[in-house]
Amino acid sequence: MGDEVLPCGRPLSGVWERVRDAAPTADPHTVSCPHCREAVEGLATVNAATQALRAEDPTGLQALTDRVMNVVRAEIRLGRLLPLADPDRELRIAESAAAKVLRQAADTVPGVRVATCRLVLAGEGTDVRVTMELTAALDRPLPDRVDQVRQAVLHSAGRDLGLAVTTVHIVVVDVLEPWPPLSPNRPTGGGT
């Protein structure tokens with residue numbers, strides 16, 4: 001499953017395993033088949049380069065691996081593509097990109113920090129539902145603060161993204177601790 005099959009019908013992984021493990025007797029098919037030979041030569045080159053990199057700079061290889069994996073994770077996190085509110089133009093935006101913009105809009109409300117933001121289609125058209133979990137300070141009435149977040153998200157969805165958001169469901173999952181008031185004798189960390 002998922003294994004590349006060469007034009008001769010052999011799975012690539014099987015051919016490579018036989019050659020790599022140096023089976024006591026050479027497989028006559030692999031020796032005579034141009035597809036198998038070409039694949040083995042290509043994999044042998046990649047294998048030699050990989051071994052050389054591992055021997056040369058293991059920490060550099062780890063850094064490269066980390067960068068590659070970060071890119072892969074970012075690609076995976078894109079999520080589904082959501083249609084923008086202009087059905088004639090067939091424009092779409094990745095769920096992760098839209099969620100980032102909406103989290104930033106919600107974070108502009110004082111006393112709020114967004115924990116999660118999920119977007120899902122609300123049917124067959126372009127309507128989108130937003131579900132947000134956030135932490136909020138209790139220095140003001142919570143319903144007012146939640147309504148401010150909802151308005152900021154709706155405004156940003158329409159103005160910045162062109163998303164037709166029909167619902168913004170907000171769940172407060174934690175309380176932000178208030179900062180202690182500054183006293184005249186306490187330094188502020190740099191004179192500001």
Side-chain angles (χ1 to χ4, degrees), residues 1-5 12-13 59-184 186-192:
M1 185 88 157
D3 194 3
E4 182 179 347
V5 177
L12 178 60
S13 63
T59 57
L61 183 61
Q62 185 59 47
L64 174 64
T65 302
D66 290 343
R67 287 195 312 267
V68 168
M69 289 310 296
N70 286 338
V71 170
V72 168
R73 287 183 192 108
E75 290 296 321
I76 291 170
R77 286 190 297 251
L78 283 177
R80 71 186 135 259
L81 294 176
L82 301 169
L84 298 181
D86 186 357
D88 296 333
R89 296 178 67 192
E90 303 254 348
L91 299 174
R92 299 191 177 279
I93 186 169
E95 177 185 8
S96 61
K100 181 178 181 179
V101 170
L102 298 182
R103 279 193 308 271
Q104 288 174 343
D107 281 343
T108 63
V109 175
V112 170
R113 290 296 163 260
V114 176
T116 64
C117 179
R118 288 182 298 279
L119 293 88
V120 295
L121 285 175
E124 296 296 315
T126 60
D127 293 347
V128 175
R129 286 191 315 257
V130 175
T131 301
M132 212 172 250
E133 293 181 349
L134 52 89
T135 59
L138 296 177
D139 58 337
R140 293 189 28 229
L142 195 54
D144 294 345
R145 184 158 276 143
V146 167
D147 189 51
Q148 268 190 295
V149 170
R150 184 174 287 111
Q151 293 308 314
V153 168
L154 286 168
H155 181 72
S156 180
R159 182 195 68 205
D160 300 330
L161 301 175
L163 275 177
V165 173
T166 57
T167 307
V168 180
H169 179 71
I170 298 174
V171 178
V172 177
V173 295
D174 202 357
V175 175
L176 285 175
E177 296 296 323
W179 289 96
L182 292 176
S183 68
R186 242 170 81 180
T188 60
T192 57

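For clarity, every value in this text was computed on a predicted model and none was experimentally measured. All residue numbers refer to positions in the sequence shown, counting from 1.
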*Start with the C-alpha gap between Asp107 and Arg113, add the side-chain angles, then the distance that decides, and say whether side-chain contact (heavy atoms from CB on, under 4.5 Å) holds.*
CA-CA 6 Å; Asp107 281 343; Arg113 290 296 163 260; 4.3 Å; yes

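- Thr135 is not listed as a side-chain neighbour of Val112, based on a closest heavy-atom distance of 4.5 Å or more.
- Minimum interatomic distance between Met132 and Ala106 (heavy atoms only, all atoms of both residues): SD-CB, 3.8 Å.
- Without hydrogens or angle criteria, Arg145 side chain to Ala137 main chain gives a donor-acceptor distance under 3.5 Å.
- Residues satisfying the side-chain contact (heavy atoms from CB on, under 4.5 Å) test with Ala157, not counting sequence neighbours, are Leu102, Leu163, Val165.
- Smallest separation of non-hydrogen atoms from Val109 and Ala152: CG2-CB, 4.2 Å.
- Atom-to-atom distance recorded for Leu91:CG and Thr126:OG1 is 11.5 Å, nearest 0.5 angstrom.
- When all heavy atoms of Leu82 and Glu95 are compared, the pair lying nearest together is CD1-CA, 4.1 Å.
- A donor-acceptor contact shorter than 3.5 Å links the side chain of Arg150 to the backbone of Val168.
- Put simply, CG on Leu134 and CG on Leu176 are 9.0 Å apart, with the number rounded to the nearest 0.5 Å.
- Applying the side-chain hydrogen bond (donor to acceptor under 3.5 Å, both in side chains) rule to pairs touching residues 160-173 yields Ser156-Asp160, sequence neighbours excluded.
- Across all non-hydrogen atoms, the minimal contact from Leu142 to Ala136 is CD1-CB, 3.8 Å.
- Scanning all heavy atoms of the two residues, the minimum distance from Ile93 to Ala97 falls at CG1-CB, 4.1 Å.
- Pairing each heavy atom of Arg140 with each of Asp144, the nearest pair is NH2-CB, 4.2 Å.
- A 4.5 Å side-chain heavy-atom check between Val128 and Leu121 finds at least one atom pair inside the cut-off.
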